[in-house]
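A quick write-up on the structure given underneath.
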Amino acid sequence: MVDPRRLAVLVDAFAGALGQQPDLIARAPGRVNLIGEHTDYSDGFVMPMAINRDVLVAVRRRDDGQVRLHSVDYGGVSAFDVGDRVAHDGSLPWANYPRGVIHVLKTIGAAIGGFDLALTGNVPAGAGLSSSAAVEVATIEALDALFSLGLKTFDKARLGQRAEREFVGVACGIMDQAIAAAGRAGHALMLDCRTLETTLVPVESGLAVVVTDTSVVRGLVGSKYNDRRAECEASTAHFARSRPEVAALRDVTLGEVEAATGALGPVVSRRARHVVSENERVLTAEAAFRAGDLAEVGRLMVASHESLRDDFEVTVPELDLLVELACAVDGVYGARMTGAGFGGCTVAIMPVGVVDAYVAEVVPTYRARTGLEPRVFTCTASDGASVVG
Ligand code: ADP
Ligand code: MG
């Protein structure tokens, strides 16, 4: 399944930087979220799909308690003693993802000794396809096998999330690590972010999932993201005053949001309307996928985009343009922004036979109208983390 040439490059790089051959290699994929945006931190529903781009992690035990980490793509070796408190590496930022994993494994008392590790990946970093979760989960998968830790799929997801939140310092939800750990070829995953219950959603092989990166340089994403979280918390607090069982916007209906518009004010009520309506769209999309009604899935994706644009206000003109151009291509079912917004990528669904027309029509028009070079990734639904060699 993994291109043998990539494995060979990794084994060579491992031997070159760290000496000897690895004991084993694990992988974990990047992801694209088909629908369910800005719902994860309101205990809602999301529908990500693991993609055919991944991070490979090669490991070998050492008996001297040393840990040595090497990135084939970024270069450098980051080393420390496994018995010491895990510190941040100030000069090799990539090393803080595997370091964070080792830190959280130690907090749960996992019996890990010294080891060498080398990693390489083809998930584009920072494009919104979640290369960071792929690094974390692939590292956990490799160490779980190397030290026979016996971790369950969702332990791996939780530990990866904790590494990113507690060590790297990004307040991410559970979606990215959950799909990296639990994805399944030929399927998207409907994830209930409250219970972590997952449902496999079949994605037929004739359907192309096409991600297009706006190439917009993002600014202030963190502070705007925090604003949205605070607005969702403000509306949750309002509803919880009269109904204490409301723990998140997940527990609120659209009717309640409409009725509370005056009390919430125009901005907060629009934010709440996005989250509540988006949860409904995810549930409807799951049913439509099962019924093979891809036109309906496409309409729901467009409605999701409009809600993110008008109510949640996290799109930028370039995202809106890409969606408009995608929907104008004959045969495209629908498109929307995916990820946190303020730049990043769109995702469009279409029959495989329409992809060439999509690229031919969307790329030059987008380039001409924005001066930006879009990057197109045609994705297929792939398996979650596993040991591959
Ligand atoms: P995203 O997860 O959306 O791709 P992030 O900023 O969360 O973006 O994570 C990107 C970071 O993950 C990179 O800057 C790098 O530190 C790390 N990373 C991603 N891919 C690799 C890789 N192949 N090797 C080492 N580190 C990687
Ligand atoms: Mg990330």
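First listed ligand is number 1; within each ligand, the first listed atom is number 1.
Among residue pairs with one or both ends in residues 9-36, those qualifying as side chain to side chain donor-acceptor pair (under 3.5 Å) are Q20-R60, R27-D54, R31-D176, N33-E37; sequence neighbours excluded. Note on residues 108-117: pairs passing side chain to side chain donor-acceptor pair (under 3.5 Å), not counting sequence neighbours, are R62-D116, R68-D116.
Atom CZ of R309 has more than 12 heavy atoms from other residues, nucleotides or ligands within 6.0 Å.
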Check: Given D213 and V211, is the side-chain contact (heavy atoms from CB on, under 4.5 Å) satisfied, shown in steps?
Finding: CA-CA 7 Å; D213 186 354; V211 172; 5.9 Å; no
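Each of D311, V268, L264 was compared with R273 under the side-chain contact (heavy atoms from CB on, under 4.5 Å) criterion, and only D311 meets it.
Using a 30° and 60° split on the angle between ring planes, Y41 and Y225 fall in the perpendicular class, above 60°.
Protein residues with a heavy atom under 4.0 Å from ligand 1 are S71, D73, Y74, W94, Y97, L119, T120, G121, P124, A125, G126, G128, S130, S131, S132, V135.
T212 and Y366 are not linked by any side-chain donor-acceptor pair at a separation below 3.5 angstrom, with hydrogens and angles left out of the test.
With W94 contributing its side chain and G75 its backbone, the two residues share a donor-acceptor pair below 3.5 Å.
Under 2.8 Å from the Mg ion (ligand 2), one finds the following protein N/O/S atoms: S132 OG.
For the pair H305/D320, a side-chain contact is recorded, criterion being any heavy-atom separation below 4.5 Å from C-beta on.
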